[in-house]
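Following: one structure in structure tokens, then a few remarks.
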Amino acid sequence: MSEQERNELNEVHRVRRQKLQHLYSLGVDPFGKKFERTHTAEEILSFAKDKSKEQLEQGTIEVAVAGRIMLLRPQGKAAFANLQDLSGRIQIYIRQDAIGEQVFEAFQQLEMGDIIGVKGTVFKTKMGEPTIKVQELTVLTKALNPLPEKYHGLTDIEMRYRQRYVDLIVNPEVRDTFVMRSRIIQSMRRYLDDLGFLEVETPTMHAIAGGAAARPFATHHNALDMQLYMRIAIELHLKRLIVGGLEKVYEIGRVYRNEGISTRHNPEFTMLELYWAYADFQDIMDLTESSIAHIAQEVLGTMTISYQGKDVDLTPKWRRASMVDLVKEAVGVDFSQQMTLEEARSLAEKHSVKIEKHHQVGHILNEFFEQFVEETLIQPTFVYGHPVEISPLAKQNPADPRFTDRFELFIVGREHANAFTELNDPIDQRQRFEKQLEEKEAGNDEAHEMDEDFINALMYGMPPTGGLGIGIDRLVMLLTDQPSIRDVLLFPLMRER
RNA sequence: GAGCCAUUAGCUCAGUCGGUAGAGCACCUGACUUUUAAUCAGGGUGUCGAUGGUUCGAGUCCAUCAUGGCUCACCA
């Protein structure tokens, strides 16, 4: 450490450096090595729980645990500390006469935040707390930064996101949320695997950003001198695999959309997309319902949950209602009647629904739905029958071609899934893409691009197929009762500082 | 992109009417071998987000900027 560095450190940091040097002078490596653990904190607690003080003292149980010192209560020539590992916290008791003066001196150079390993026996204190009586102490890692306040922890939201590592150390519920996230995804995977779905990986860099209506991130490949886009959906590649005969495929992966950031939107987020040959959107509805209910039961142990104070019942069967009926129910406007664009526009004006130049009747119906219905759908609700104009990849309803065999799942007023019977007619698909290009001309810069290779794939024949997309982050938010998408992303995007 | 709010010690927060910066934890010194947000005695460690302005004097008032939060817009 140079003189200049020393001057730049404040007292807290200077003292930690001094203790580091002190450890070196005692022949202790402050950044130690591998440590063999026999137990986790939680294992010791559950073992000791129903043993009496006497029972523990009779059969001496040797344990070796490692963790971070979260609380430290020195008491002269002895000390109590709370050690934290992934499973939880366990109290340890250190006495100079048990570990020797030399090691105790090293221990005195330790403070909250440092990582140690201890070997010893389990006992219960006067207060009945299961505790490890330390016989051997090993310094594993000295922390040079102090931890946040031991009682309030780290509450500054910005710092929690920017320095998630600190957040994870001091806020156990944050760790729990991310453990839960992992279990939710694991449960989903297992559910689909058991149904015979094949997990695949497709490119995240696309020459044409298709499969959804969104602005992509653009990038460039130097060697090929090629414009590339980060994918906005997984859809078109998975459907190519259905053409290829893989029949039941899914991918859980990151997609990227160059759009606004909010408590429900991060520029990169995780989607599940799934395609099932010879099925339709009704089958997908059943699958969506059963898989989410299954995950809730498996991960939370219940299908009735509470989200931000709202009770939500995920027990099947869920309500199924058409978009047209829901709009009629909410505002009394009946879009099942044939109507001209002019009629739809005047209805929009009457109900103060904002419309854009490129809007057709179907777009206006969707605006009605979003403005008057969406946020009212608290209990899980499948909304089906989306207008063809906003569904360029979905098959039209055979009885009424103004609508598609598509559904979206709404829970707590938010979209959680989007699915349809996939359009497999390449001639129709080409026309839909052309319609999208017209929209683009008319000013919708999120309209779909033409994808000639995808059309080519369809021309080899894609069997009738049902497809599904689930926003995994939102599902995790729902099941872990988190208000912001940033609370279920380990490292949400933040402006550089 | 717009509106509102926030930014003070390592962390959590006070700071009155504009008058020279304050508490708890952490840290330092000392006491303490069954404590548990340990306790007891002593010690304040700071670019008050940044830059301008008003003023004899600004953490405090004004302007601009930065970062974040919430709401809205866009979207999933």
Exercise. Does A:E446 offer a backbone N or O that forms a donor-acceptor pair with the side chain of A:N444 under 3.5 Å?
Worked result: yes
For this session: Report the C-alpha distance between A:S290 and A:Y191 in whole Å, list the side-chain angles of each, state the deciding distance to 0.1 Å, and finish with yes or no for side-chain hydrogen bond (donor to acceptor under 3.5 Å, both in side chains).
Result: CA-CA 10 Å; A:S290 62; A:Y191 191 81; 2.9 Å; yes
Problem set entry | Whole-Å distance separating the CD1 atom of A:I232 from the P atom of B:rA76 | 9 Å
For this session: For A:K435, look at atom NZ and say whether over 12 heavy atoms of other residues, nucleotides or ligands are found less than 6.0 Å away.
Result: no
For this session: For RNA chain B, just give me the dot-bracket, please: Watson-Crick or G-U, both distances below 3.5 Å, ( ) intra-strand, [ ] crossing earlier pairs, | paired with another strand, . unpaired.
Result: (((((((..((((.....[..))))((((((.......))))).)...(((((..]....))))))))))))....
Exercise. Does atom CE of A:M205 have more than 12 heavy-atom neighbours, drawn from other residues, nucleotides or ligands, at distances under 6.0 Å?
Worked result: no
Problem set entry | Donor-acceptor side-chain pairing of A:H363 and A:E439 below 3.5 angstrom | yes
Exercise. Looking at B:rA76, B:rU35, B:rA37, which one has an atom nearest to any side-chain atom of A:T125?
Worked result: B:rU35
Exercise. Under 6.0 Å from the CD atom of A:E173, do we count more than 12 heavy atoms belonging to anything else shown?
Worked result: yes
Exercise. Would you say A:T263 reaches B:rG69's phosphate, i.e. side-chain N/O to OP1/OP2 under 4.0 Å?
Worked result: no
Problem set entry | Gap between atoms CZ and P, on A:F107 and B:rU35 respectively (whole Å) | 16 Å
For this session: Could you note down all residue pairs passing salt bridge (Lys or Arg N to Asp or Glu O under 4.0 Å) where residues 53-81 of chain A supplies at least one of them, sequence neighbours left out?
Result: A:K53-A:E57
Problem set entry | Contact residues, residues 72-100 of chain A to RNA chain B [heavy atom, < 4.0 Å] | A:R73, A:P74, A:Q75, A:G76, A:K77, A:A78, A:F80, A:Q91, A:Y93, A:R95, A:D97
Exercise. Is A:E367 paired with A:K354 through a side-chain N to carboxylate O contact shorter than 4.0 Å?
Worked result: yes
Seminar exercise, completed: A:I390 atom CD1 is separated from B:rC74 atom P, nearest whole Å, by 14 Å
Exercise. Among B:rC74, B:rC70, B:rU36, which is the nearest nucleotide to the side chain of A:E259?
Worked result: B:rC74
Exercise. Can you pull the ring-ring contact (aromatic ring centres under 6.0 Å, His included) pairs that have at least one residue in residues 60-82 of chain A, sequence neighbours excluded?
Worked result: A:F80-A:Y93
For this session: For B:rU8 versus B:rU55, give the span between their C1' atoms, rounded off to a whole number of Å.
Result: 22 Å
For this session: Kindly state each residue pair satisfying salt bridge (Lys or Arg N to Asp or Glu O under 4.0 Å) with at least one member in residues 472-483 of chain A, sequence neighbours excluded.
Result: A:R181-A:D473
Problem set entry | salt bridge (Lys or Arg N to Asp or Glu O under 4.0 Å) pairs, two or more places apart, involving residues 403-420 of chain A | A:R406-A:E408
Exercise. Hey, does A:N266 reach any base, or is it just sugar-phosphate, or nothing, if we go heavy atoms under 4.0 Å?
Worked result: base
Problem set entry | Pairwise C1' distance for B:rU33 and B:rU39, with rounding to whole Å | 15 Å
Problem set entry | Inter-nucleotide P distance (B:rA26, B:rC11), Å rounded | 15 Å
Exercise. Quick one: is A:R16 getting a side-chain N or O under 4.0 Å of the B:rC27 phosphate, OP1 or OP2?
Worked result: no
Seminar exercise, completed: Whole-Å distance, A:R160 CZ to B:rC70 P, equals 11 Å
For this session: Would you kindly give the CD-to-C1' distance between A:Q135 and B:rU33, to the nearest whole Å?
Result: 16 Å
For this session: Rounded to the nearest angstrom, tell me the gap between atom CD in A:E496 and atom C1' in B:rG68.
Result: 16 Å
For this session: Please work out if A:R495 contacts a base, only the sugar-phosphate, or nothing of the nucleic acid, heavy-atom cut-off 4.0 Å.
Result: sugar-phosphate
Exercise. Would the number of heavy atoms belonging to other residues, nucleotides or ligands and lying under 6.0 Å from CD of A:Q308 be above 12?
Worked result: yes
Exercise. Under 4.0 Å: is that the gap between some side-chain N or O of A:K354 and OP1 or OP2 of B:rC74?
Worked result: yes
Exercise. Can any side-chain N or O of A:S187 pair as donor or acceptor with the backbone N or O of A:R183 at less than 3.5 Å?
Worked result: no
Exercise. Among pairs that include at least one residue of residues 128-137 of chain A, which meet side-chain hydrogen bond (donor to acceptor under 3.5 Å, both in side chains), considering only residues two or more places apart or in two chains?
Worked result: A:Q91-A:T131
Exercise. On a whole-Å scale, what distance lies between the P atoms belonging to B:rG69 and B:rA63?
Worked result: 24 Å
Exercise. If the C1' atom of B:rU7 is compared with that of B:rU12, how far apart are they to the nearest Å?
Worked result: 14 Å
Exercise. At under 4.0 Å between heavy atoms, what does A:A213 touch on the DNA or RNA strands: base, sugar-phosphate, or nothing?
Worked result: sugar-phosphate
Exercise. Looking at residues at least two apart in the chain, or sitting in another chain, which of them share a salt bridge (charged side-chain N to carboxylate O under 4.0 Å, His left out) with A:R175?
Worked result: none
Exercise. Rounded to whole angstroms, how far apart are CD1 on A:I485 and P on B:rU71?
Worked result: 14 Å
Exercise. Can you tell me if the side-chain N/O atoms of A:K150 get under 4.0 Å from OP1 or OP2 in B:rA38?
Worked result: yes
Problem set entry | Between B:rC65 and B:rG3 - P atom distance, rounded Å | 10 Å
Exercise. What is the distance, rounded to the nearest whole Å, between atom CG of A:L493 and atom C1' of B:rA76?
Worked result: 16 Å
Problem set entry | Neighbours of RNA chain B within residues 108-123 of chain A, by heavy-atom distance under 4.0 Å | A:E111, A:M112, A:F123
Exercise. Just checking A:R414: base, sugar-phosphate only, or nothing, at a heavy-atom cut-off of under 4.0 Å?
Worked result: nothing
For this session: Could you say whether A:R486 or A:M271 is positioned toward the 5' end of RNA chain B, judged by the nucleotide with the nearest heavy atom to each?
Result: A:R486
Exercise. Which is true for A:G471 with a 4.0 Å heavy-atom rule: it touches a base, it touches only sugar-phosphate, or it touches nothing?
Worked result: nothing
Exercise. Along nucleotides 3-12 of chain B, 5' to 3', which nucleotides get a B, which get an S, and which get a -, given that the test is a protein heavy-atom distance under 4.0 Å?
Worked result: -------SBS
Problem set entry | Sugar-phosphate only, base, or nothing, as touched by A:E415 at under 4.0 Å among non-hydrogen atoms | sugar-phosphate
For this session: Considering only atom C1', compute the distance from B:rG43 to B:rC5 and round it to an integer number of Å.
Result: 37 Å
Problem set entry | A:R264 side-chain N/O to B:rA76 phosphate OP1/OP2 under 4.0 Å | no
For this session: Can you run down the salt bridge (Lys or Arg N to Asp or Glu O under 4.0 Å) pairs that involve residues 368-393 of chain A, sequence neighbours left out, and say none if there aren't any?
Result: none
Problem set entry | Nearest-angstrom distance, P atom, B:rG57 to B:rA66 | 29 Å
For this session: For A:E356, check salt bridge (charged side-chain N to carboxylate O under 4.0 Å, His left out) against everything at least two apart and list the hits.
Result: none
